[in-house]
Amino acid sequence: CGAFPHQEYVVFSSNIVYGNSMAGGGFHVRGGMIGGTHLVRGSNRAGFNKTRILSMIAPNRPDIAILDFGDSVVGPGIIDTHVHMNEPGGVRAGWETMAGATAAAARGGVTMVVDMPLNSDPVTVSARDVKEKLKIAKHQHVQVGVWGGLVPENAHRPRALRGMVRAGALGFKAFMIDSGVDSFGRVDADDLRAALPVIRDLNVPLLLHAELEVTPEKEDKESSPPATSYAAWLEARPAAMELRAVETIIDLLKELPQATKSSLNFRVHVVHASSAAVVDLINRHRDLPITVETCPQYLMFASEDVPDEATEYKCAPAIRDRRNNDALVTAVRDGRVDGVASDHSPSPPSMKTGDFLDSWGGISGIQYTLPAVWESLVASEADDANDANDANDINDINDIKDRDIIAVHRALSDFPSRLLGVHHLKGRIADGYHADFVVWDPKAAYDAPCAQTQTLTP
């Protein structure tokens with residue numbers, strides 16, 4: 001709503017994402033809230049009568065501002081629950097700021113972000129840290145939420161965990177492997193076993209970076225690929241590490257007493273899964289409170305295509321092969337992957353050295369999440385049809401499958417709102433919801449020049 005110079009207006013489109021369907025029609029926005037909708041579903045959704053709808057949702061208002069987006073998609077705003085910003089900055093000054101990241105978010109149709117707890121100084125592991133970060137989060141380009149950090153020092157202190165939630169943390173984030181930040185330690189099974197009942201009773205999610213060390217398949221280091229080759233990073237972070245960690249999580253959840261009605265928003269949420277086998281494993285245990293996300297880089301890129309020394313592709317877990325990534329795209333489309341988040345984690349260029357074992361692991365991508373996910377789905381459809389040229393020359397939005405548009409917003413809008421416990425206010429276009437929405441054209445390619453990229457660091 002804040003992107004428009006009007007406090008009150010009516011939006012029209014023949015392609016409005018309405019829950020699990022597409023509709024044509026309009027909705028009335030006043031004071032940042034959706035106050036009235038009239039939508040037509042089915043094959044005749046493009047033929048709605050604007051004059052009639054206007055008289056129903058904004059009667060006797062001939063002067064009201066009208067935003068007619070034609071056949072562009074109007075969907076609920078994107079909620080990115082996995083963003084790394086560096087404020088308070090301290091020794092990390094000069095890295096990504098909230099201002100830079102939220103400007104990029106707004107440009108990419110993201111209306112809310114949630115900041116991870118480990119890139120600030122100090123790290124966000126106490127109620128005081130949460131309050132300090134939320135002060136900075138005010139008056140940014142989009143709404144900013146905060147995750148609290150779960151580390152060995154607070155995992156056994158229920159009062160500390162409760163204090164962070166009371167201070168405004170939306171839940172917790174923990175690492176099962178070295179985080180890369182000395183002051184943000186990894187948790188082990190005993191730490192998780194102590195913290196899970198407290199987090200469940202707080203009715204908030206626990207986000208986990210799920211990788212655990214495994215015995216290397218090769219013991220002869222002399223035969224390992226050079227560090228300038230992406231194969232070296234794949235060898236260092238095999239999919240088996242993700243699987244072992246998720247198996248551990250599942251075992252811990254089986255020990256945990258069942259959630260009650262007062263803790264229905266509690267879940268363990270596995271972030272940035274890069275292995276399709278992990279998605280399959282989680283979906284075999286949907287009786288447990290566990291969900292999973294992936295990231296655009298795991299849908300778009302393939303390990304076999306990464307050039308030597310191209311450490312801009314380095315992230316953790318590692319990008320895997322094309323066959324694996326195609327399976328992830330399918331899982332996003334059919335809902336077996338719950339959500340997609342950017343894992344936006346840029347660094348100064350000097351931290352990308354050309355050595356995959358030494359370089360910073362993180363990708364700058366929040367501005368491109370929506371087009372990247374959409375292009376991945378479209379490319380997959382083209383491959384399935386063995387007709388890529390036709391798929392790339394779509395001239396009519398009705399030729400684009402509604403299910404893919406719906407899948408995009410289910411993963412980028414609806415599920416994240418549920419993860420955060422704000423699904424009664426965000427993630428849908430409906431009466432009584434925040435007027436957070438994004439307008440996009442599925443027929444248009446998105447190629448923002450570097451000068452238009454809003455992040456502080458690449």
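Since we're looking at a predicted model, the values are computed, not measured. Note that the numbering runs from 1 along the sequence shown for the chain.
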Ignoring hydrogens and geometry beyond distance, is a side-chain donor-acceptor pair present between [X] and [Y] at under 3.5 Å?
{"X": "Arg320", "Y": "Ser274", "value": "yes"}
{"X": "His344", "Y": "Gln367", "value": "no"}
{"X": "Glu8", "Y": "His6", "value": "no"}
{"X": "Ser342", "Y": "Thr369", "value": "no"}
{"X": "Ser14", "Y": "Asp71", "value": "no"}

### Message
Applying side-chain contact (heavy atoms from CB on, under 4.5 Å) to Leu192 and Leu208, what does each step give before you reach the verdict?
### Response
CA-CA 10 Å; Leu192 290 170; Leu208 277 180; 4.1 Å; yes

### Task
Would you please test Phe69 and Phe12 for ring-ring contact (aromatic ring centres under 6.0 Å, His included) and show each step?
CA-CA 6 Å; Phe69 294 110; Phe12 286 122; over 10 Å; no

### Task
Examine Lys314 relative to Trp360 and say whether NZ or CZ is less than 6.0 Å from the centre of the six-membered ring and inside a 45° cone about the ring axis.
no

Between side-chain atoms of residues 139-147 and protein atoms elsewhere (two or more places apart, or another chain), which donor-acceptor pairs fall under 3.5 Å?
residue, atom, partner, partner atom, Å
Gln140, OE1, Ala99, N, 3.3
Gln140, NE2, Ile136, O, 2.8
Gln143, OE1, Lys426, NZ, 3.0
Trp147, NE1, Thr81, O, 2.8

Work out which heavy atom in [X] is nearest to a heavy atom in [Y]; give both atom names and the distance.
{"X": "Ile366", "Y": "Ala101", "result": "CG2-O, 4.0 Å"}
{"X": "Pro346", "Y": "His84", "result": "CD-O, 4.3 Å"}
{"X": "Ala174", "Y": "Leu150", "result": "CB-O, 3.5 Å"}
{"X": "Trp440", "Y": "Ile405", "result": "CZ2-CG2, 4.0 Å"}

### Message
Under the side chain to side chain donor-acceptor pair (under 3.5 Å) test against Thr124, which residue among Lys133, Glu132, Lys131 passes?
### Response
Lys133

Using a strict cut-off of less than 4.0 Å between a Lys/Arg side-chain nitrogen and an Asp/Glu carboxylate oxygen, indicate whether [X] and [Y] qualify as a salt bridge.
{"X": "Arg193", "Y": "Asp190", "value": "yes"}
{"X": "Asp338", "Y": "Arg410", "value": "no"}
{"X": "Lys352", "Y": "Asp358", "value": "no"}
{"X": "Arg418", "Y": "Asp414", "value": "yes"}
{"X": "Glu211", "Y": "Arg237", "value": "yes"}
{"X": "Glu213", "Y": "Arg186", "value": "yes"}

### Query
Which pairs pass salt bridge (charged side-chain N to carboxylate O under 4.0 Å, His left out) with one or both residues in residues 288-301, sequence neighbours excluded?
none

### Task
Using a cut-off of 6.0 Å, state whether more than 12 heavy atoms not belonging to Arg322 lie near its atom CZ.
yes

### Query
Passes side-chain contact (heavy atoms from CB on, under 4.5 Å), Ile199 versus Phe172? Steps please.
CA-CA 8 Å; Ile199 297 172; Phe172 298 92; 3.9 Å; yes

### Task
Measure up the His272 and His82 rings against each other and bin them: parallel (under 30°), tilted (30 to 60°), perpendicular (over 60°).
tilted

### Message
Check for me whether the distance between the ring centres of Tyr230 and Tyr313 falls short of 6.0 Å.
### Response
no

